[in-house]
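Each remark here refers to the structure printed beneath this line.
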Protein chains: 2
Amino acid sequence: MKVEHLDSCIVRHFSYYYDLTRKDEELLLELERSPTKVKAGTRLWEERDSANEFCTLSRGWAYSYRIMENGSRQILELYMPGDIIGLREFAFSQRLASVKMAEDGVVCYFPHQHVLDLFRQSMALTTIMFAISSRQQVLITERLVNLARRNAKQKLAHFLLETYQRLKQTQANGHDSFRLPLSQELLADLLGLSPVHVSRTLTALSDEGLVFRERHVVTIPDLKALKEMADFDDRYLIDNMRPLFNSHNS
Amino acid sequence: MKVEHLDSCIVRHFSYYYDLTRKDEELLLELERSPTKVKAGTRLWEERDSANEFCTLSRGWAYSYRIMENGSRQILELYMPGDIIGLREFAFSQRLASVKMAEDGVVCYFPHQHVLDLFRQSMALTTIMFAISSRQQVLITERLVNLARRNAKQKLAHFLLETYQRLKQTQANGHDSFRLPLSQELLADLLGLSPVHVSRTLTALSDEGLVFRERHVVTIPDLKALKEMADFDDRYLIDNMRPLFNSHNS
DNA sequence: CGTTTAGTTGAGGAAGGTCAATCAGCGTGG
DNA sequence: CCACGCTGATTGACCTTCCTCAACTAAACG
């Protein structure tokens, strides 16, 4: 049952795409050899640092961001346990964004070259890596659409729905509520709004009975209603590579 | 000198990342075996179509887009000759966006499986594919920042600078002007603005002597001034994988 | 030489930003 | 156990940017 290996977030994440062989799992576990505890607010790296390693996130949330000339901050990606941080910079020698922990967590660094080893040694892992990369692109694209084309209420709702769904895909939680360890300021920087307006929007959503938030727990009583309101279509989160594998691999 | 192969946009594009072997080139040329002429406005595919092929763009510009519930359109990516269209959907069985030709052009379809063949047969091509994918992610991310954090004048300026730079990297053109075969409506859908405001912004930029546009030709008389104004930093366009290769491959 | 298509210009309006004051929770130290 | 101060959230007043609608002009095109 290879239960033991599912302790590893990254193995669990990769398994989501395709059944891994024993050897694949061993290769993956290589990436998580040096777990490091990091406290909330720790900066894993900074824009312009030299980039020659990735990082797997084993516990806690993290986010990448850019500081603009005028001092405002745009958050680019939210990372959750099982995600690989820094994939974007594979073809670059410099970091293009900074990364910070949103809460206490555990990360494992590994050099870019390890990915080349993966490419060399396993077709399945290569394909999954590529799938993960393209999935990430899809997530960013959806966020772009969200920022460009929706109003504040929809932006916020859409983000909450995306997060809820992402969590459901990895951590099984049947409820209509989830933990969201992010301040309103962070939400603002994520959605391109001002903190003030996030607050207003959140109370508006609450007044309409669509979203409730207390402390760091968010509840969505009527998923369907919220999805409708936010123009949320989860197809972009539901990727599936099996057809690709089945039609070609043994 | 393998000059003959540089006729192929895609070979030229890949060569930008790393020197290809003869065999690599042959493999790549496989992808361009069925060139098809397409007229401006042709839709290559539509959201929700089943996705099992990519497409290389040999001539002309194309763009992917999404239509929102309220009828507005967001353009996601601009493709230029040498680009691969549809990478995003590698891990998906459905198209997540539609793609249209911005002008007359030539494309070549090839099935997703061909990429798996590449993975199987060439480390270099695998790595380059991955680099291209991560570069595309970087481009989208920068566009996200552009949409979320800059005002109309900066958005437009930033987009023009990015396009200018992208063209310079593939087509050598020494001048301070380039061809931009896009209507203002298209620019609006690209930048999340209204066509009206694009027009105003363009005249504002012209009044300030920063950008001139007549017909489909754009001139940037003072690159440095415009970059400053737009908060444009070209690091995100200058990727370089050589260090990665050199430190590990033969 | 009309007719379509793309761009320009003006006036009014809405969404969201900014600034500032206030409040609530909470950890810290006395 | 309480006072203090910190951070994060809320609320109000006012302002800016960009949108919308609409009329108009300029090319492009048969």
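Per chain, numbering begins at 1; letters A, B, ... match sequence-line order.
Using a 4.0 Å heavy-atom criterion, one finds that A/R215 contacts the sugar-phosphate atoms exclusively. Backbone-only engagement by B/S183 is indicated by non-hydrogen atom pairs under 4.0 Å involving sugar-phosphate atoms exclusively. Within the nucleic acid shown, B/V196 comes within 4.0 Å of at least one base atom, counting heavy atoms only.
By the 6.0 Å contact criterion, CZ on B/R166 is enclosed, its count of non-hydrogen atoms from other residues, nucleotides or ligands being greater than 12.
For the atom pair B/L237 CG and A/F92 CZ, the distance stands at 7.5 Å (nearest 0.5 Å). Atoms CG and CG, from B/L78 and B/L186 in turn, are 7.0 Å apart once rounded to the nearest 0.5 Å.
Taking the six-membered ring where tryptophan is involved, the planes of B/F54 and B/F90 are essentially parallel, since the angle between them stays under 30° and well short of 60°.
Put simply, the residue from A/K227, A/R143, A/E142, A/K153 that forms a side-chain hydrogen bond (donor to acceptor under 3.5 Å, both in side chains) with A/H158 is A/E142.
In this structure, the CG atom of A/L193 is 5 Å from the P atom of C/dG17, given to the nearest Å. Atom NE2 in B/H197 sits about 16 Å away from atom C1' in D/dC21, given to the nearest Å. Between the P atom of C/dG25 and the CZ atom of A/R213 lies a distance of 14 Å, rounded to the nearest Å. Here the P atom of nucleotide C/dG16 and the CZ atom of B/R149 are 14 Å apart, to the nearest Å. Atom pair A/K153:NZ and C/dA14:P shows a separation of 16 Å (rounding to whole Å applied). If you take CZ of A/R200 and P of C/dG16, they are 11 Å apart, rounded to a whole angstrom. Distance, A/N70 CG to C/dT18 C1': 13 Å, rounded to whole Å. What separates CG of A/L202 from P of C/dA24 is a distance of 18 Å, to the nearest Å.
Place B/P195 and A/P195 on DNA chain C by their nearest nucleotides, and B/P195 ends up nearer the 5' end. Between A/G192 and B/H216, the residue whose closest nucleotide on DNA chain C is further toward the 5' end is B/H216.
Close to C/dG17, at under 4.0 Å from its OP1 or OP2, lies a side-chain N or O of A/S194. Contact annotation: A/Q184 side-chain N/O to D/dT7 OP1/OP2 distance is not under 4.0 Å.
Comparing C/dG16, D/dT10, D/dC18 by their nearest atom to the side chain of A/S199 picks out D/dT10.
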